[in-house]
Amino acid sequence: MTGPSTSSRLSADLVVVGGGIAGVSCAEALAVLSPDASVLLVSASPLIKAATNVQPLTKYLVRFDVEEQDAACLTQRCPTVQVIHDEVVALHPAGQGGQGGQDGGELVTSSGRRVSFGRVCVCAGARPKPTLTDHPLVLTLRDTESVRTLQARVAGARRVLVVGNGGIATELVHEVRGVEVVWVVRHDHISAAFVDAGAAEFLMPAATQDSMSATKDADDVAKPVVKRMRYTEAKAEPSQGAGAALGPDWHAHWELHGRDESKARPLRVEYGCEVARMLPGDDRWPAYAELTNGVTIGVDLVVSATGVVPSVHAFANGNPTLRLHDDGGILVDEHMRSSVPRVFAAGDACTAGWAHAKHWFQMRLWTQARQMGAYAARCMVADKDGAIAEVLQDFCFEMFTHVTRFFGHKVVLLGLHNGQKLDRGEWEMMLRAVKGKEYVKLVLQQGRVQGAVLVGDTDLEETFENLILDQVDVSHLGEDLLNPHVDVEDYFD
Ligand code: FAD
């Protein structure tokens, strides 16, 4: 950290709260866009998170690594950014007790610092939902520290119960070895926050095997059959936001191995249920988990990954004019402004309150944290210069994109990939599946592609990104749209 400053009174033109991907992206962009302004980043975590190895896969789809760094790295990259390690405990907007050299207001920190700001961006992230958290055998994943605890606890475990159906649970189930895993999912298929039942079925064999053997099997079965079918589907459940402080590939750096020395990954999935309550243990198991489907399971450890709630209490307390969404996020407009003048928000801490483009929706992921942080910086600087009305919203908010890996497979999600926002019976689905190798699903509405799920190395992301954005009528192509021997791009040259 630069500092820590000995002064209890600090002042900066542009202040960012939070050292996660949103806050760091925001601070980096502020340094570039407004080199003469003083920029201060206040973070409760000792390390910051930066996006590295940024690789655009298409115009909209970007893959990057998330690296934990010492704050000095940020100051080296951006010398005008000062970083302090402190926790903000209160926000006093201008005219409500704020003092000092800036006219936006003042932040108060847990160490007693008072930070006056011209503009502030709240990037305080989210924390795990407090389900079951008061039980000593229940662990909630959020940050490096909690993964370290998990690693130690899994090492002595025979059976682990994983609760949740989002990205974190999916990755965890894939990574844990040498221990029996029981996966409790609320839906009727796995990984429901991201994929539909078909993709889940595709992923399931990999979920139950060691990833090496899954790849081998994939090669064995990949060649002959390409299945295509076309049918309409009922409206999918809208995706729930998920996520928190760890970045992508967090699991790649941690060996999660249970008692059993073998590499086996016995997996059992309990569908359509949740944990009703934890029951006391006996001489066989330290505790039992009672599920809402009536099943009771003896466990050594329960890992809860059931989503997050925005971490905004320090800013909302005492500020009734700061509007929050029902999901707990700070409501922001198309310029990332909250309802309090000069207070912006980005990343997991905010809820996008503008009229969304047809193919975009918010999901609390690192991709959006990075996009929002950088865009909020542009808006803060324009606001400072009196030019915010001229800021056009960043093109990344035109379409939802996400790239990740589930069970060793590359997964690309584009647009309304699960039929989000589309009414029942209004859309149809076309799919191509090669068992163990690839799974391609398109969501079509009136002959136009609205979304896509691409599992495996399909190399189709650019084609379908363009088709979603251009809304070209592709009905004349019929099933050729997914014919692996037809280059769809040729039709539109
Ligand atoms: P955060 O990363 O949560 O950062 C918030 C920052 O604010 C922290 O530095 C914190 O210390 C600081 N802070 C909080 N309150 C205060 C305060 N009062 N004062 C000062 N500082 C404060 N997303 C993906 O896209 N892909 C994945 O594969 C993926 N895997 C994940 C795995 C796990 C286990 C978890 C927990 C999350 C995962 N996510 C994933 C979600 C992703 O990590 C988040 O969406 C993203 O990190 C949000 O970034 P952020 O900067 O908004 O918030």
Side-chain angles (χ1 to χ4, degrees), residues 15-27 40-51 62-66 68-69 71 83-91 107-111 113 115 120-129 139-147 150 164 166-172 174-175 193-194 241-254 303-317 329-330 345-350 362-374 376 401-406 411 413:
V15 173
V16 180
V17 182
I21 284 291
V24 172
S25 304
C26 184
L40 176 69
L41 183 112
V42 187
S43 181
S45 47
L47 296 172
I48 57 141
K49 290 199 170 65
V62 179
R63 179 165 55 201
F64 57 88
D65 299 329
V66 174
E68 280 196 322
Q69 297 176 342
V83 185
I84 58 167
H85 176 201
D86 210 341
E87 184 188 357
V88 172
V89 291
L91 161 71
L107 300 168
V108 182
T109 71
S110 58
S111 72
R113 285 189 178 104
V115 181
V120 66
C121 189
V122 179
C123 303
R127 59 196 150 75
K129 275 188 192 151
L139 184 69
T140 309
L141 277 193
R142 152 128 199 112
D143 50 19
T144 315
E145 203 43 53
S146 59
V147 177
L150 171 71
I168 299 168
T170 304
E171 285 164 350
L172 185 66
H174 181 234
E175 288 308 314
F194 288 93
L246 284 183
D249 294 340
W250 57 276
H251 42 83
H253 310 292
W254 301 90
V303 185
S304 169
T306 52
V308 294
V309 280
S311 196
V312 301
H313 50 284
F315 310 89
N317 282 354
I330 296 174
D348 281 8
C350 82
Q362 185 178 7
M363 213 167 167
R364 290 187 164 90
L365 295 167
W366 51 264
T367 322
Q368 293 192 0
R370 179 169 173 268
Q371 293 168 337
M372 286 179 171
T401 58
H402 187 56
V403 53
T404 187
R405 291 193 85 81
F406 285 151
V411 176
L413 307 173

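Heavy atoms only: backbone and side chains are in, while hydrogens, waters and symmetry mates are out. Counting starts at 1 for both ligands and their atoms, following the listed order. Position 1 is the first residue of the sequence; numbering continues from there.
Side-chain atoms of H85 come within 3.5 Å of backbone atoms of A44 as a donor-acceptor pair (strictly under, hydrogens ignored). When atom types are taken as modelled, the side chain of Q362 and the backbone of C350 share a donor-acceptor pair closer than 3.5 angstrom. Listed for the S25 side chain is no donor-acceptor partner under 3.5 Å among the backbone atoms of G373. No donor-acceptor distance shorter than 3.5 angstrom exists from the side chain of Q69 to the backbone of I48, with no hydrogens or angles considered.
Taking only non-hydrogen atoms, the option from V16, I84, D348 nearest to atom 45 (O) of ligand 1 is D348. Nearest to atom 51 (O) of ligand 1 by heavy atom, out of G19, C26, A22, A346, is A22.
Below 3.5 Å of separation, one finds no N or O of F315 facing any N or O of ligand 1. Of the polar atoms of W366, at least one N or O is found under 3.5 Å from an N or O of ligand 1, judged by distance alone. Considering backbone and side-chain atoms together, S45 places an N or O closer than 3.5 Å to an N or O of ligand 1. Some N or O of A44 is nearer than 3.5 Å to an N or O of ligand 1, by distance alone.
Contact annotation: for H402 versus ligand 1, heavy atoms closer than 4.0 Å belong to the side chain alone. With a 4.0 Å cut-off on non-hydrogen atoms, D86 touches ligand 1 through its backbone and not its side chain. Contact annotation: for V17 versus ligand 1, heavy atoms closer than 4.0 Å belong to the side chain alone. Residue A369 touches ligand 1 through its side chain alone, judged by heavy-atom distances below 4.0 Å. In C123, the part holding a heavy atom less than 4.0 Å from any atom of ligand 1 is the backbone.
Scanning both residues, A50 and I21, for their nearest heavy atoms gives C-CD1, 3.7 Å. What you find for A376 and C121 is that their closest heavy atoms are CB-SG, 3.9 Å. Nearest heavy-atom pair, H402 versus W366, reported as atom, atom and distance to 0.1 Å: CE1-NE1, 4.0 Å. Closest non-hydrogen pair, D86 versus S110, comes out as OD1-OG, 3.3 Å.
Heavy-atom proximity to G20, at under 4.0 Å, picks out these atoms of ligand 1: 2 (O), 4 (O), 6 (C), 9 (O), 51 (O). Near E87, the atoms of ligand 1 lying under 4.0 angstrom from a non-hydrogen atom of the residue are 17 (C), 18 (N), 19 (N), 20 (C). Shown in contact with I21 at under 4.0 Å from a heavy atom are these atoms of ligand 1, numbered in order with element: 51 (O). Close approach of ligand 1 to G347 (heavy-atom distance below 4.0 Å) involves ligand atoms 52 (O).
Counting heavy atoms from C-beta on, the side chains of S304 and T306 come closer than 4.5 Å.
Taking CZ of R113 as the start and CG of L40 as the end, the distance is 8.5 Å to the nearest 0.5 Å.
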